[in-house]
Amino acid sequence: MVKKTFLIIDDDRIFCDAVKDHLSGDAVDVVIANTAADGISACAQRKVDVVLLDQQLPDAEGHSLCPAILKHNDDTKIIFATAYPSFDNAVKALKAGAHDYLTKPFELEELDLAVERAFRTLDLERVERLQNYQSAKESEETVIIGGSDLADTQRLVQLAAESESPVFITGETGTGKNLVAKAIHYRSMRSSEPFFGINCAALPENLIEAELFGHEKGAFTGAVATKKGIFEMAEGGTLFLDEIGEMPLHLQAKLLSVVEDKKMRRVGGVSVFPVNVRFIAATGVDLENTLGKTFRKDLYYRLSVIRIHIPPLRERPRDIPELCSYLLKKMGIHDVRLPEDELSKLMHYGWPGNVRELKNILERAAILQKGAELRPSNLLGKTMDFGKPPQQDFSRENGVITLEELEKRHIRLALDKLSGNYTRAAKALGISLSTLKRKLKTLA
C-alpha cells in the first residue's frame, strides 16, 4: 500500500501534535509545518495528498498559499481551518482552491469526515487517471506477445503490477526487459506517475551517481546549478535500473540505503529527501555468480523480491508468427505478408539478438524489399541452414567439445554477424564490453 501524505500547516504546535497523533497510522504519514515558508518547502520536497491549512499564519494568510501548494502538487486537496470564521474567509478559501472548510475549534469526528472526503476524492481522481492511462498505454507500453512459453512471465508481470515490492528481471539482450518493466508500471496503481529508466552500463561511472541522486551547485566541476536526480523526478512512480550488474560497488551501497530507508541526499548536499519510488532492476547476465564479488548480496536479495525471467526467442519459436504480425503493424506496414515457408525459416533461426533482432530485420526487409511478400531470411546471411534447427558440432573426443571451445565459437559467431563491432557484440552476448575483451584475450 502506498501511504498518503497529510501536511498540517499551522503555528499552534499543540494543535498540530494532537492532529498528528490522531491521524498517523499505516496508511497516513503526517508532516507538520508551523510557518507558510516551511509548508511550501515541504510541498516542494515530497508529493502531498492533503493539506490542513490554517488561515492565519505568522508569515502569510492561508488562502494566499494555495497557488504555491497546487503548483507543486496540482491534485492536492486543501482543507482550510480558521478560528475566525466569516463569509468572506469562506469565499476566499473556496476561490483559492479549498476542498473543505472547518471552523476552529472542531471535533475530531469533523476532521475525520473532511479527511475522508478529501482522500475519497483523491482516490476517485487517481482511478480515473489510471483508467485513462491504461487505455492510452495498453497498446503502446504493456503488450507482451507470447503463448504458453511465456505464461509464467505473463503471470508474474500481473502479480508484480498488483504489488509494491521490488522486481528483478533477467533475460538476454533484446528479449524485452524494458517492455516488461513498463508493463508492470502501467498496469499498477502508479501508472499515472512517472516511469524513469536508466541504463547503468551506458553512463560513465562518475555520472551515474549524479544522475540518480542529483547534485547541488558547486558539488563538482561543471555543476553550475542545482539539479534534481532521477530519484526525485520519479517521485511517486517507478524507477527502472537496467543493466544493474554494471553499477559500481560504492554506488550499490548507496542504492541499498535508499531502497531500505526511502531517503536520499544529493551529491554535495546536506538535506535529506524522502524517496517514494517503486524499484525495478534488470540484467542480461547471471548475477548470482558474481554475488559477493562485483555485486552486493544484500542489494541483490533486497531488489529481487519478485523475480521475472524472460526466455530467449530461440526457446519460444511458436511466438514468432504472432510477433512478426504485431511488429509489422506497429511499424505501420499492413500491405505485405510473410509466406509460410518464410515463417518456417524464421522459426528455425537462432536469434542471438532476440526480439530486437527480429524487429530490426523486419524493418530492413520492409525498406529493401519490394512487393507483397517479405523475405527477411535473405538478410540474415548464408551461413544458417533454415530448414532445421542449428546443430552443434560434436567433433571432439567422445562427441563432445569443451565449454571453452564452445564459448570461443559463439563469440566469434557474434563478431562475424555484427561485422566485428565489439560494442554491439557485447550487448548481443549479454556481457559488458570489458568482459568481452577479457574473454577474447583468454580464449585466443
Side-chain angles (χ1 to χ4, degrees), residues 136-147 149-150 153 169 171-183 186 195 197 199 201-202 240 242-243 282 284 310-387 389-390 410 413-430 433:
K137 292 289 185 179
E138 183 68 27
S139 60
E140 178 185 353
E141 304 287 7
T142 71
V143 175
I144 301 174
I145 303 297
D149 294 325
L150 265 187
T153 301
I169 305 170
E172 295 178 5
T173 182
T175 50
K177 296 186 289 293
N178 188 281
L179 173 67
V180 166
K182 287 183 177 180
Y186 287 113
F195 175 92
N199 189 321
F240 176 50
D242 198 8
E243 299 300 342
I310 310 173
L313 190 54
R314 64 181 174 275
E315 293 181 6
R316 49 189 185 99
R318 291 174 295 182
D319 293 338
I320 288 177
E322 187 180 1
L323 276 168
C324 289
S325 176
Y326 172 77
L327 292 171
L328 288 171
K329 287 179 182 178
K330 192 172 181 181
M331 289 184 277
I333 303 169
H334 305 285
D335 54 350
V336 297
R337 70 183 188 88
L338 293 167
E340 289 298 322
D341 64 320
E342 181 66 14
L343 285 172
S344 179
K345 291 179 180 180
L346 298 181
M347 291 172 69
H348 286 90
Y349 175 62
W351 298 110
N354 291 291
V355 179
R356 183 183 293 124
E357 184 184 5
L358 176 62
K359 178 180 181 297
N360 290 344
I361 207 69
L362 288 173
E363 188 172 359
R364 285 176 60 198
I367 294 171
L368 299 176
Q369 298 175 356
K370 305 298 180 184
E373 293 185 351
L374 284 185
R375 296 280 179 178
S377 64
N378 294 339
L379 303 175
L380 289 170
K382 305 298 183 181
T383 59
M384 176 63 66
D385 179 1
F386 292 101
H410 191 58
L413 176 62
L415 287 170
D416 288 343
K417 287 189 63 61
L418 297 169
S419 304
N421 188 309
Y422 281 25
T423 302
R424 293 178 60 198
K427 288 183 178 180
L429 291 167
L433 181 58

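Counting begins at 1 with the first residue of the sequence. Please read all numbers here as calculations on a predicted model, not as lab measurements.
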request  = Let me see the working for I310 and V180 under side chain to side chain contact (heavy atoms under 4.5 Å, CB included), right down to the final yes or no.
outcome  = CA-CA 9 Å; I310 310 173; V180 166; 3.5 Å; yes

inquiry  = Just so I know, are the side chains of L358 and L323 near enough to count as touching, which here means a heavy-atom distance under 4.5 Å?
reply    =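 Yes, side chains in contact.
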
inquiry  = Take a 6.0 Å sphere around CD of E315 and say whether it holds more than 12 heavy atoms from other residues, nucleotides or ligands.
reply    = yes

If you take all heavy atoms of [X] and [Y], which pair is closest and at what distance?
X    : Y    : result
L346 : W351 : O-NE1, 2.8 Å
G430 : T173 : N-CG2, 4.2 Å
G350 : R314 : O-CB, 3.3 Å
P376 : L338 : CD-CD2, 3.6 Å
R316 : T175 : NH2-O, 4.3 Å
A282 : F240 : CB-CE1, 3.5 Å

Flag, side chain of [X] to backbone of [Y], donor-acceptor distance under 3.5 Å:
X    : Y    : result
N354 : L313 : yes
K177 : D242 : no
Q369 : R375 : yes

Using 0.5 Å steps for rounding, measure from the [atom1] atom of [X] to the [atom2] atom of [Y].
X    : Y    : atom1 : atom2 : value
R356 : E172 : CZ    : CD    : 11.5 Å
L362 : L328 : CG    : CG    : 5.0 Å
K427 : E243 : NZ    : CD    : 9.0 Å
I361 : L380 : CD1   : CG    : 4.5 Å
D319 : C324 : CG    : SG    : 10.5 Å
K345 : I320 : NZ    : CD1   : 14.5 Å

